[in-house]
Amino acid sequence: MTRRTTPQPTRETLTRQRVLQAAVELADAGGLGALSMRKLGEAVGVEAMSLYNHVANKEDLLDGMVDLVFGEVALPAPGDDWRRAMRQRAISMRFVLSRHRWAIGLMESRSTPGPETLRHHDAVLGCLRRGGFSLTLTAHAVSVLDSYIYGFALQEKALPFDSPEATAELAESIMSGFGDGEYPYLTEIATAHVTRPGYAYGDEFAFGLDLVLDGLLRAAGEEAGGRTDAGVGDAHADPGTGRDPREGAVLAQADGDGSSLRAPEPAPAATLPGGGRHGDPLGEGARQDG
């Protein structure tokens, strides 16, 4: 008689891309504190030491994870008006960071950036330069935009509420300890604004973003020697407002005001070359599992 053998399931080939994606999923679920080489090995079905065939160390792992996150952000394309493109990129970045909270403080920290990170920054710089910004004003623009985007994302992450109901409940709890007439302006904004139906802190993002973009528009116009705002890289801008009417198509992806967290489909992330870094935020030490 011929003995029948049960076919064994084929194990998926382990690649650097698969290791990085699994690491991102672990961090998304539990933060960087939930990520160790042992847990990552378990997630992909190998011993921890096998991971070092694909990542040099945990710093290299972080480099790759951050690069995957950058690869999800919508980028400006050649020919896009700079204001519309920077708005779309800001909305997309906030959306991506809302999914990867652990990445907020790491996005600009890598000394060995991967290809998606480099492509992202080059596209942003190129859009501003093609839009008529000088090299100096381009540097100013990137700094203020990134400071606003990352700062807002960090603030959202730190807030002790995540829904209108939780916001109202917290405000009422805090105000319950106020004496009559004590902290009148806190009471005013809480009762007349924060606790009203429909309030969401995230709605503030679009307001602040417009202030930043309007300021950059004025600075670009002044730098160009007094030309109208619409003349500085914004062929489609309204002369009265300086804003591109086509922005409605972008904002439609964010409930019309840039406040919700929907963004264009992310670009596929690329597999990264290896490369370690100084420091050890995951507590690796030597080549041992944390």
Side-chain angles (χ1 to χ4, degrees), residues 17 66-97 99-100 103 107-108 110 113-150 153 205-206 209-225 227-254 256 258 261-273:
Q17 185 77 4
V66 167
D67 207 54
L68 286 184
V69 175
F70 265 114
E72 296 180 16
V73 181
L75 288 180
D80 282 354
D81 289 334
W82 73 263
R83 193 184 194 284
R84 177 174 179 268
M86 291 303 100
R87 172 180 265 274
Q88 181 180 17
R89 179 248 182 182
I91 293 171
S92 177
M93 177 68 84
R94 177 180 167 233
F95 170 74
V96 169
L97 292 176
R99 296 190 307 192
H100 308 297
M107 297 296 283
E108 304 298 336
R110 316 317 295 165
E116 289 294 332
T117 306
L118 297 173
R119 185 174 72 90
H120 177 99
H121 290 304
D122 192 67
V124 171
L125 294 170
C127 179
L128 293 170
R129 292 291 280 142
R130 289 190 301 271
F133 281 54
S134 70
L135 191 59
T136 298
L137 187 56
T138 295
H140 292 334
V142 170
S143 178
V144 71
L145 282 166
D146 283 0
S147 295
Y148 178 69
I149 295 166
Y150 293 135
F205 183 75
L209 180 59
D210 279 337
L211 289 180
V212 172
L213 292 172
D214 289 347
L216 290 174
L217 197 61
R218 286 193 300 272
E222 292 168 3
E223 184 181 66
R227 284 184 292 166
T228 62
D229 289 343
V232 185
D234 275 320
H236 300 277
D238 184 309
T241 65
R243 297 185 183 180
D244 183 351
R246 298 178 303 161
E247 285 180 3
V250 178
L251 296 184
Q253 300 177 46
L261 296 178
R262 289 201 302 275
E265 288 298 316
T271 302
L272 305 179

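- Contact detail for Pro78 and Arg130: the closest heavy-atom pair is CA-NH2, 3.7 Å.
- With a 4.5 Å cut-off on side-chain heavy atoms, Met93 and Tyr150 count as touching.
- For Arg94 against Ile149, the heavy-atom pair with the smallest separation is N-CG2, 4.5 Å.
- Side-chain contact between Met107 and Leu97 is present, with at least one heavy-atom pair separated by less than 4.5 Å.
- Aromatic pair His121/Phe70: ring centres closer than 6.0 Å.
- A heavy-atom distance below 4.5 Å is not found between the side chains of Val69 and Thr117.
- At least one donor-acceptor pair under 3.5 Å links the side chain of Ser147 to the backbone N or O of Ser143.
- The shortest non-hydrogen separation linking Pro76 to Met86 is CG-CE, 4.1 Å.
- Using a cut-off of 4.0 Å between Lys/Arg side-chain N and Asp/Glu carboxylate O, Arg87 and Asp80 are scored as not salt-bridged.
- Arg110 is not listed as a side-chain neighbour of Asp67, based on a closest heavy-atom distance of 4.5 Å or more.
- Relative ring orientation between Phe133 and Trp82 is described as perpendicular, the plane-to-plane angle rising above 60° on a 0-90° scale split at 30° and 60°.
- Contact check for Leu75 versus His120: side-chain heavy atoms found under the 4.5 Å cut-off.
- The side-chain contact (heavy atoms from CB on, under 4.5 Å) test with Val73 is passed by exactly one of Val124, Ile91, Val96: Val96.
- Just one of Leu209, Leu211, Leu213 meets the side-chain contact (heavy atoms from CB on, under 4.5 Å) condition when paired with Tyr148; it is Leu209.
- When all heavy atoms of Arg129 and Thr138 are compared, the closest pair comes out as CD-OG1, 3.3 Å.
- Between Leu128 and Leu216 the shortest side-chain heavy-atom distance does not fall below 4.5 Å.
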